[in-house]
Amino acid sequence: MLTPLRALLLGSTILLLATGLTTARESSAGSIKGTVVLKGTAPELKKLAVTIDQYVCGKEKNPEELVVSPQGGIRSAVVWIEKPPAAAAAEALPSTAAVDQRECTFLPRVVIVPTGGKIDFLNSDRLLHNLHATPNANPPFNRTQPKGRTITISFSHPEIIRVTCDLHSWMRGWVVVADHPFYALTDGAGAFELRGLPAGRYTLKVWQERLGTTSKDVVVGDQEPTAVTLEMAAR
Amino acid sequence: MAPPVIAMLASPLGALVRAVARIRASVHVKLLAGFLLITGLFIAMTAVGLLLVRETARQTDLLDQAHERVSWSRQIEHALAMQMHFTSMALLAQNDGSVSLILRENNRFNDTLARLETAAPPEERALIQSIRGAQEDAMATVADIANALRDGRLADATTALHTRLEPTYQKIEALVGSLVAAEEARMASLRSSISAARTRSLRLMAGFAVAAVVVALAGGFVISWSFILPVREAHLFLSDVAEGRFGGTIVVPNRDEFGALAERMNWMSRELHRLDEEQRVAAETLRGLNERLGLASRAKSEFLANMSHELRTPLNAILGFTEIMLDELYGEVPAGLREPLVDIQTNGRHLLRLINDVLDLSKIEAGRLELGVGEYSVQEIVDVVQSSLKSLAFEKGLAFSVNVPPEIPPASGDGRRLTQCLLNLAGNALKFTRQGRVDIDVELDDGWLTYRVTDTGIGIPAEEVENIFAEFRQVDTTITKEYGGTGLGLSITKRLVEMHGGRIGVQSELGKGSTFFFTVPLRADGGVA
């Protein structure tokens, strides 16, 4: 009899095999295909009551600080290699990312940008938002934004930055400034992929805004994509 | 019929009553239709009332909405003023807290404007779009001022305030002002329309109520009179019938149960009339027959009276000669002839009594007997009867007593006939009593004299009591044989008592005795025949 976890692993292995065959032809380098899953039961998160600007923002907001799929996959977790290989053949991350503010929510909630990259923050709502962040390494910003205006902010130092809105307390956004290309964001099923990795032994790190950071060692082969499951403990 | 009814029948209402009566439907259906008509009117009234209430509610809703929009417009105006105020404050204070206040007010403005835009009627959309456009300018300017303040560019912020924000705000204020004016005009028109609707519905309801009452009254009147009229006709008709005027007909316009009833009554009337006619003819025939019978009877009585009178003369001669012979005036009567002579005398007297009775009865029946009314003494009558009969009582060994109260005053009547009556009763009593006694009592009570003869004789069976006063009747034929008598005595007595205005009666128990009595007025005048 298959346990749900085994079924998941089997399913993802078949998926990895199928995609792995295609990538194996394109590049000689190895890759990691994995899933970030929650260990334990997901905490009950209350909906966030909206008390102001209900006409634009709605009456309440889904709590998005931890979104788990029915199979346990964690969405919007960031996975990266702790010590990247010296001669990396990976394609660079796009230097410009876009974040929209729509119905008083940052879309996407978590965005990865390389050092020296920029993010275009757009306000699509018919009201004022106020981008506000006080990072450690990068310069702080506190900018009022009318409807339709885009504010571009550059990030030069790697770190994880929380972005808020002074006017809408429930708004949360995260900017992960990456100092190398081996960064990946999990999708709705908790899946991610890191490509262009030379074979070798690596330490994988994973961060989630609520669950914090964990790490795991993996060995990456030449040909086959390495399948890995990263477990994060519920807390 | 009473005059108001006639007046009513002559009016158009009367025509309506007759029209309703002529409708070919049952009373049940007519009543039901009447009730349904009124019920329908009430249902219509309720429906119209509900429609009016719904219309008023809709207009009230519109009024509420307009009121809400005015309130939001006022909030917008307030938010504008607050923004200006907070902007000035922020220019003075130059900290993030005061900047947040401007932003907060601006967002409040946006939120309210969005509500207003959703709720606004289509004709105000353009105006709101203009406000929205101006507000978007204001939003950008506010953001610029906020950012300039945070960057410490005080001069830029002040310039933006004066050159961009203030004109924009003035524009918005003017636009909101015209919005408020439009909404207030709308509210005023709604208010007057609601008030007009209220007046209209009040009038409509009153009209309906009056119409319902009028229809109910008129319907009730017409339907009830369409029933009352035939009943009244029937009443008059039946009164005629009760008073014996048959053959009348009743005319009603009704084609319902009353119509059918009237038809039956007319049929009954015709039948009654026919029967009445037949009966009248029969009665006429009978009257003729009766008259002839009366004539025949009188002829018979006259014949009998004449006959009796004629018979008495030879009989008196026989009796006279017999007596002379017995008195031996014609010489000595041989012993062998005396007994037959006594027999002749006895039978002759009996025959004379019989003839006298028949004569009396015939006279009475022929109406030729007249009472010889005069003063008489009750005591004398009783004494005559006692002395006439005491020898018979003595012979039969019966006790015979009379009792007349001494205080009875002289009476008026035919003393001779009354003596005959009492003699008849007392004679009968003695005749039908074998042992015991016979008593005669007289009493006066409230102007009436009662003569009573009590015996201890054979008595009369209850079924014969009714017949004993009829002519030629005795209780049975065997009695005649044993006791003799003509059987006419009681009948004559009854007639004589009745001619005095009195009555005769008997109380009897078979085997124990009888009491015969007659009652006559103390002062009989003989006029009562």
Side-chain angles (χ1 to χ4, degrees), chain A residues 48-61 99-106 118-135 138-154 161-173, chain B residues 68-69 72 75-76 79 82-83 86-87 90 94-120 128-129 131-153 156-157 160-161 164-165 168:
Chain A
L48 301 165
V50 173
T51 53
I52 50 167
D53 299 337
Q54 289 181 343
Y55 230 81
V56 174
C57 305
K59 295 242 160 55
E60 56 185 14
K61 288 285 171 197
V99 173
D100 194 3
Q101 293 163 87
R102 192 180 285 276
E103 292 179 8
C104 309
T105 307
F106 285 110
K118 296 174 196 168
I119 295 178
D120 291 335
F121 287 98
L122 172 68
N123 177 7
S124 296
D125 286 335
R126 250 184 190 178
L127 43 68
L128 290 171
H129 282 306
N130 192 81
L131 286 175
H132 198 169
T134 47
N138 290 284
F141 52 91
N142 180 10
R143 278 270 160 291
T144 303
Q145 200 176 5
K147 183 196 170 215
R149 183 179 289 184
T150 302
I151 292 177
T152 304
I153 293 173
S154 305
I161 303 162
R162 188 177 72 170
V163 184
T164 59
C165 173
D166 284 357
L167 297 169
H168 306 107
S169 57
W170 62 88
M171 288 175 73
R172 255 329 154 272
Chain B
E68 202 166 33
R69 289 197 294 272
W72 287 335
Q75 275 181 33
I76 286 177
M82 291 304 280
Q83 277 182 76
F86 286 137
T87 311
Q94 297 173 38
N95 60 26
D96 218 48
S98 52
V99 170
S100 291
L101 286 174
I102 316 172
L103 306 181
R104 185 68 259 137
E105 266 331 300
N106 194 271
N107 275 358
R108 203 195 304 276
F109 183 104
N110 269 314
D111 195 55
T112 314
L113 188 61
R115 284 173 205 272
L116 196 57
E117 189 172 15
T118 314
I128 287 175
Q129 277 305 314
I131 297 176
R132 164 74 64 202
Q135 160 61 11
E136 278 175 7
D137 291 349
M139 203 173 2
T141 312
V142 164
D144 289 346
I145 290 172
N147 291 335
L149 276 173
R150 283 178 183 134
D151 297 347
R153 291 181 281 114
D156 286 355
L161 173 67
R164 289 167 58 200
L165 197 56
T168 313

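Chain letters run A, B, ... following the sequence lines, proteins first and then strands; every chain starts at 1. These numbers come from the heavy atoms of this one structure, side chains and all, not from hydrogens, waters or symmetry mates.
Looking at B:Arg108, the atoms closer than 4.5 Å to chain A (heavy atoms on both sides) all sit in the backbone: N, CA, C or O. A:Arg149 touches chain B through its side chain: at least one heavy atom from C-beta onward sits under 4.5 Å away, while N, CA, C and O do not. For a residue to count as touching a neighbouring chain, one of its non-hydrogen atoms must lie under 4.5 Å from one of that chain's; by this rule A:Asp125 does not touch chain B. Contact annotation for A:Asp166: only side-chain heavy atoms (C-beta onward) come within less than 4.5 Å of a heavy atom of chain B.
Annotation for A:Lys118: atom NZ does not count as buried by contact number, only 12 or fewer foreign heavy atoms lying within 6.0 Å.
What you find for B:Ala143 and A:Leu128 is that their closest heavy atoms are CB-CD2, 4.1 Å. When all heavy atoms are compared, the tightest approach of B:Arg150 to A:Asn130 is NH1-OD1, 2.8 Å.
Take A:Asp100 and apply the salt bridge (Lys or Arg N to Asp or Glu O under 4.0 Å) test, not counting sequence neighbours, and it matches A:Arg102. B:Gln135 is linked by a side-chain hydrogen bond (donor to acceptor under 3.5 Å, both in side chains) to B:Asn106, B:Asn110, counting only residues two or more places apart in sequence or in another chain.
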- Task: Could you walk me through whether B:Asn107 and A:His168 pass side chain to side chain contact (heavy atoms under 4.5 Å, CB included), step by step?
- Result: CA-CA 10 Å; B:Asn107 275 358; A:His168 306 107; 3.6 Å; yes
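Top candidate by heavy-atom pairs under 4.5 Å with chain B, chosen from A:Lys147, A:Arg143, A:Gln54, is A:Arg143.
Side chain of B:Asp111 to backbone of A:Tyr55: a donor-acceptor contact under 3.5 angstrom is found.
Contact check for B:Asp96 versus A:Asn142: side-chain heavy atoms found under the 4.5 Å cut-off.
In this structure, A:Leu167 CG and B:Leu103 CG are separated by 5.0 Å, a value rounded to the nearest 0.5 Å.
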